[in-house]
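Within every chain, numbering begins at 1; the chains are lettered A, B, ... in the order of the sequence lines, protein sequences first and strands thereafter.
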Protein chains: 2
Amino acid sequence: MTEDIKRVAREHLATEGADLSLRAVARDVGMVSSAVYRYFSSRDDLLTALVVDAYDELADAADEAERAAPRRDPHARWMALARGIRAWSLAHPHEYALLYGSPVPGYQAPEDTVGPASRPQLLLAQILRDAVAGSAVFPAPGDRLASGLRADMVTAAEFLDLGDVPAALVVRGLVAWTQLFGALSFELFGRFEGGITDADALFEFEMRAMSDYLGLRSAAH
Amino acid sequence: MTEDIKRVAREHLATEGADLSLRAVARDVGMVSSAVYRYFSSRDDLLTALVVDAYDELADAADEAERAAPRRDPHARWMALARGIRAWSLAHPHEYALLYGSPVPGYQAPEDTVGPASRPQLLLAQILRDAVAGSAVFPAPGDRLASGLRADMVTAAEFLDLGDVPAALVVRGLVAWTQLFGALSFELFGRFEGGITDADALFEFEMRAMSDYLGLRSAAH
DNA sequence: TCCGTTACGAGAGCGGTGCTCTCTTCTAGA
DNA sequence: TCTAGAAGAGAGCACCGCTCTCGTAACGGA
């Protein structure tokens, strides 16, 4: 039953967006609204369940896309990861907005979303780790990091299990990650409406630029 | 009266966020909800007015910050612009979400927002134009642009009145712009909660990286 | 001065929302 | 067979956006 409600809610999410109505979902399931509260303690609770599912779906899709790239080619893996994330996001714009858009008013993402939320980042972390281990990354220039920034990067490196990845590369990974989701947000939230017609080409350019910025080596690049 | 309503609505926006209630605004103004409809034909109409105002405020703040930087130092101007945009955004998180966050469900930004929406971008355009005119930019490497992407950049260059700025630099400007707003969205939408403590330092690093990427020359850089 | 027009606001009401409370029914286990 | 608990129904509360009607006050022209 819980799965039934989530399924219908996902459909509503896909068509109407984040302002899904618990009553409408209940109607579609064939229940009265109060009955839904047997399974979800509130509308936010239902939303949280969808958020967690969406993170997992995104991570699965990205993981699968990334796995198709040759293991020893970090550039190809990065591009595959980025394309995989974008493909899922374009196919699920409302879910994307839920995950990476403005926070739903009055909705505070609870603790149990941070685990799933970090899964996509772990995929990039793994690429960087493998690249460093396999010497498939050009040595990062000696960026001077402010002490607070360096400390944050060390913490992040521990959290993401980035063994030998230097802090200077970690922060560059964060820059690339920011670029990726900035690009997706621009595209999905309609900021390209007036002007950009070839969003595919722009995205490819951006991700290639980030690959260069990360210093990822590639067989054919 | 219209200004009165907008003022109160802005206050509500600052405290509650995008789900502002027309009735609550009316109460605070001292009117009954139906009276508000004399001034705004719908809640979306009121929201649009706030959006336009917010774009203008942001552009004004960014413009003022940018003007404080030396005219012939494009790096300093870019950093000042970025810092100005960030400062306004941190001071007005809900407005930022309204402008650059996920689209409000069921709300379609009407035509009259595209003008104000392009104002901030024009500030970057001016920096690039001056930098090229004053030879204060390292020649952009010969990035190969896909034909569709090149065409889009030419169109954008016309729209933004970028005279001699080459397409390869225009697209880099777009990359930097994307990075800027990606960073702000991450910060403002709470994606830094677990880990980043020195957001200032990270932002400085990112914007400096983008300045390098753009090839902006600086007296002391 | 009188009258008609117009702007402005109040009020009731419609259908929708999230959520709570109470009540009934149904089912599984002792 | 009896009982405890789960599951759903229904009514109701306070809120929402929005529409319609009505009263009032101000103003301009004859």
Donor-acceptor contact below 3.5 Å, side chain B:Arg129 vs main chain B:Asp161: yes

So, are [X] and [Y] salt-bridged, with charged N and O less than 4.0 Å apart?
| X | Y | value |
| --- | --- | --- |
| A:Asp130 | A:Arg71 | no |
| A:Arg7 | A:Glu11 | yes |
| B:Glu64 | B:Arg67 | no |
| B:Arg208 | B:Glu204 | yes |
| A:Arg86 | A:Asp200 | yes |

Where protein sits on nucleotides 10-23 of chain C, one letter per nucleotide: B base, S sugar-phosphate only, - none, heavy atoms under 4.0 Å: BB-B---BBBBB--

For A:His12, ring-ring contact (aromatic ring centres under 6.0 Å, His included) partners two or more places apart: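 For A:His12 there are no ring-ring contact (aromatic ring centres under 6.0 Å, His included) partners, ignoring immediate neighbours.
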
B:Phe205: ring-ring contact (aromatic ring centres under 6.0 Å, His included) partners, not counting sequence neighbours: none

By side chain to side chain donor-acceptor pair (under 3.5 Å) - contacts of A:Arg150 (at least two apart):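 Residues passing side chain to side chain donor-acceptor pair (under 3.5 Å) with A:Arg150: none at all.
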
Sugar-phosphate only, base, or nothing, as touched by B:Phe40 at under 4.0 Å among non-hydrogen atoms: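 B:Phe40: no heavy atom of the nucleic acid under 4.0 Å.
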
Test item: side-chain donor near acceptor, B:Tyr96 and B:Ser185, under 3.5 Å: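 Distance-only check passes for B:Tyr96 and B:Ser185.
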
Five-pair end axes of the helix from C:dT1-D:dA30 to C:dA30-D:dT1, angle between them (10°):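 Helix axis angle between the two ends: 10°.
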
5' to 3' contact window, DNA chain D with chain B (heavy-atom distance under 4.0 Å):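 Extent of the interface on DNA chain D: D:dC16 to D:dC20.
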
